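Read through the structure below, which is laid out as structure tokens, and then see the notes.
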Amino acid sequence: MERYAKEIVEKAVRSLGAGQVDIEFEVPREEFGDLATPVAMALSKLLRKAPRKVAEEIVGAIEEKEVFERIDIAGPGYINFAFSKKYLISLTKELISLKEKFIRRDTGKGMRVQVEFVSANPTGPLHLGHGRGAAVGAALSNLLEAAGYSVEREYYINDAGRQVKLLGLSVFAKYQQQLGLEYPFPEDGYRGAYVEDLAGKIVAGHGSRYSEMSFQEAQDFFTDFSYKEMLLEIEKDLKDFGIVFNTWQSERELYAKHEIEKAIDDLMLRGRTYDKDGALWFKATDFGDDKDRVIRKSDGELTYFASDIAYHRKKIEKGFAEIIDIWGADHHGYISRLKAVIQALGYGPEHLTVLLVQMVSLLRGGKPVQMSKRAGEFVTLREVMDEVGSDTAKFIFLTRRPDSHLEFDLEVAKEQSAENPVFYVQYANARINSIFKNAKEKGIDVSGLEGSDFSLLSAGEEMRILKKLLAYPRVFESAAVSHEPHRITFYLQELTGLFHPYYNKYRIVTDETELTRARLALCEGVRIVLKDGLGILGLTAPEKM
RNA sequence: GCGCCUGUAGCUCAGUCGGAUAGAGCAACUGCCUUCUAAGCAGUGGGCCAGGGGUUCGAAUCCCUUCAGGCGCGCCA
């Protein structure tokens, strides 16, 4: 509904000869109307006329008067629009018959986008911070896909570095110890209970077969076994959390397919590297990074950054129009060097978007829970899923801006469970479902509701719901372009915040068949939008609660 | 020391790229179930938008600065 209003106002402004102006709309407080624009105030300086005078001229130039019930000039120079009921009804009918097609404008036009998220090292189970990244990444992917982009959801597996080897060593040490042998546990080894479990599995499966070996001899087996087990667990956790990936990119594979050398050669050919002190450096400072970065150390080992270069080069080669990386905020220092890589490879820095998801501090009953993967102290995503439920956890993650710090109090999340906003939203869907069931039992025809007589909807609550429904495309669109799924979450709470009181005050299914059908149509609209929003957020839409 | 993020109701958080009287949930208190689901509804209270300067018709929002919290600054991964 905003799109059309915008065209109308744009036309009017143009006819005043004001040239190209970006027309902003906002949704004002109800008594002012449905849409408002401060454009006259912005123009007043340009045209050197009083804002209210400009507003009058704009209003005078508007031709499509029948769309609006009234157009007012108010305050310092706002133009407030109130749509005519007839226009609102025609749009609502479209919503009900066209469903998603009405909601979505094809902004993406099939452009390919990759969203990489979670990408936790397979050296331990996923913890709560990964859960936040997963919820946000999945929701963003869904959002972009719905907006017409072709989205690839990728998980990058760090299966090549020192960390997985350290996991292997940790398990090896526990294995020896479980067999009653002396073996020093590595200083900075992984200490979680899952390391014992991995060792136990090897003892159970292979007995003392590796007890006489040095780690040197056994490391391939221990490392591979351990990280692959962890990866299986991670995959299962994500699956149970309702997160789907399309591709899993292994770091080892980059090595195996010589992608690393190719990438380094590429940068060398482009003249973006140099040798110093026996090491190979990338000239990150050419593209605004603070310092140059080492690709190959003087001992010949490649750095982790070398893999990152190859990995991002591969993303580019796959031909994505935009690459989105979702990282924990503790990695923010790496943005500039990777943007430098993108540019060194000949692309604009905007080709890569890094979305930072801020840290999650975990509390239990107001007291902080220390999180350290190495020390084995952490609360896993699995535990949180079991304790508070996936939908609740996701909802908590998705009611915050990704870049705001999050305090996740397990006790509060559990206590609130009964009163949790997620249920409030889902409950509306269940309720509507129940209403339809009731209507069918009473023998009411619930098909072809877009053809019902909407003019029978006269209550203020009904018009308010209707307008809220029609505002959804705007919310959806803005959430997609700004990469902020949480806007959907808040919107759904507002929508259901209108629906529940309405339900409570009015009876939907009555003896008056036509009125019933009109109200059912309104419910149908709510249901369409609710399901769409919940789906994007990756939440279930239960039919019964 | 430098860089990034954050500071809004008792708590957890929104605030539509500068707009009208700053919002929601939770917590607290008072009422509502013979009627489509009470995971609901009606109502009450609650704020120097961390502090201070500036920019302009107009600032929670932009700039400067101070304070507080978090994170990051390796030939680590």
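These numbers were taken from a predicted model, which means no experiment stands behind them. Below, chains carry the letters A, B, ... as their sequence lines are ordered, and counting in each starts from 1.
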Parallel under 30°, tilted from 30 to 60°, perpendicular over 60°: which one fits the rings of A:F499 and A:Y503?
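The rings of A:F499 and A:Y503 sit tilted, inter-plane angle from 30° to 60°.
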[N] versus [M] - spacing of their [atom1] atoms, nearest Å:
N: B:U56; M: B:C63; atom1: P; value: 16 Å
N: B:A59; M: B:U21; atom1: P; value: 10 Å
N: B:C11; M: B:A20; atom1: C1'; value: 30 Å
N: B:C64; M: B:U6; atom1: P; value: 15 Å
N: B:G23; M: B:U44; atom1: P; value: 15 Å
N: B:G15; M: B:C5; atom1: P; value: 16 Å
N: B:A50; M: B:C57; atom1: C1'; value: 28 Å
N: B:C49; M: B:U61; atom1: P; value: 10 Å

Partners meeting side-chain contact (heavy atoms from CB on, under 4.5 Å) with A:D289 (sequence neighbours left out):
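Counting only residues at least two positions away or on another chain, A:D289 forms a side-chain contact (heavy atoms from CB on, under 4.5 Å) with A:A284, A:R293, A:S336, A:R337.
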Counting any heavy atom closer than 4.0 Å, what does [X] reach on the DNA or RNA strands: base, sugar-phosphate only, or nothing?
X: A:F436; result: nothing
X: A:N80; result: base
X: A:E251; result: nothing
X: A:L406; result: sugar-phosphate
X: A:E31; result: base
X: A:A439; result: nothing

Heavy-atom nearest pair, A:L469 first then A:G525, reads CD2-O, 3.6 Å
Closest non-hydrogen atoms of A:K297 and A:T303, given as atom of the first, atom of the second and distance, are CG-CG2, 3.8 Å
Pairing partner of [N] (Watson-Crick or G-U wobble, both distances under 3.5 Å):
N: B:C48; result: none
N: B:G25; result: B:C11
N: B:G1; result: B:C73
N: B:U30; result: B:A42

Using atom names, set out every protein N or O paired with an N or O of nucleotides 15-18 of chain B below 3.5 Å, distance rounded to 0.1 Å.
| residue | atom | partner | partner atom | Å |
| --- | --- | --- | --- | --- |
| B:G15 | OP1 | A:H486 | NE2 | 3.2 |
| B:G15 | OP2 | A:R401 | NH1 | 3.4 |
| B:U16 | O2 | A:R474 | NH2 | 2.9 |

Does the separation of the ring centres of A:F397 and A:H486 fall below 6.0 angstrom?
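A:F397 vs A:H486: aromatic centres not under 6.0 Å.
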Should we count CD of A:E31 as having more than 12 external heavy atoms under 6.0 Å?
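More than 12 within 6.0 Å, yes.
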Assigned glycosidic conformation for B:C33 [threshold 90° from 0]
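Classified syn.
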Looking only at side chains, do [X] and [Y] share a donor and an acceptor under 3.5 Å apart?
X: A:Y502; Y: A:E462; result: yes
X: A:E116; Y: A:S119; result: yes
X: A:T123; Y: A:N121; result: no

Looking at A:D409 and A:E411, would you say the former's side chain and the latter's main chain have a donor-acceptor pair under 3.5 Å?
yes
Return the polar atom pairs (N/O with N/O) between nucleotides 71-77 of chain B and the protein under 3.5 Å, or none.
| residue | atom | partner | partner atom | Å |
| --- | --- | --- | --- | --- |
| B:C71 | O2 | A:H332 | NE2 | 3.2 |
| B:C73 | O2' | A:K291 | NZ | 3.4 |
| B:C75 | O2 | A:S298 | N | 2.7 |
| B:C75 | O2 | A:S298 | OG | 2.9 |
| B:C75 | N3 | A:S298 | OG | 3.3 |
| B:C75 | N4 | A:D277 | O | 3.0 |
| B:C75 | N4 | A:D277 | OD2 | 3.4 |
| B:C76 | OP2 | A:K297 | NZ | 2.7 |
| B:C76 | N4 | A:Y334 | OH | 2.9 |
| B:A77 | OP1 | A:K297 | NZ | 3.4 |
| B:A77 | O3' | A:R162 | N | 3.2 |
| B:A77 | O2' | A:Q163 | NE2 | 3.2 |
| B:A77 | N6 | A:Y334 | OH | 2.0 |
| B:A77 | N1 | A:Y334 | OH | 3.2 |

Quickly, which of A:K468, A:K467, A:R464 forms a salt bridge (charged side-chain N to carboxylate O under 4.0 Å, His left out) with A:E494? Name it, please.
A:K468
Return the stacking result for B:A39 and A:Y424: yes when the ring centres lie under 5.5 Å apart and the planes under 30°, no otherwise.
no
Looking only at the side chain of A:D403 (C-beta and beyond, no hydrogens), which of the listed nucleotides B:C5, B:C13, B:C41 gets closest?
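Of the candidates, B:C5 comes closest.
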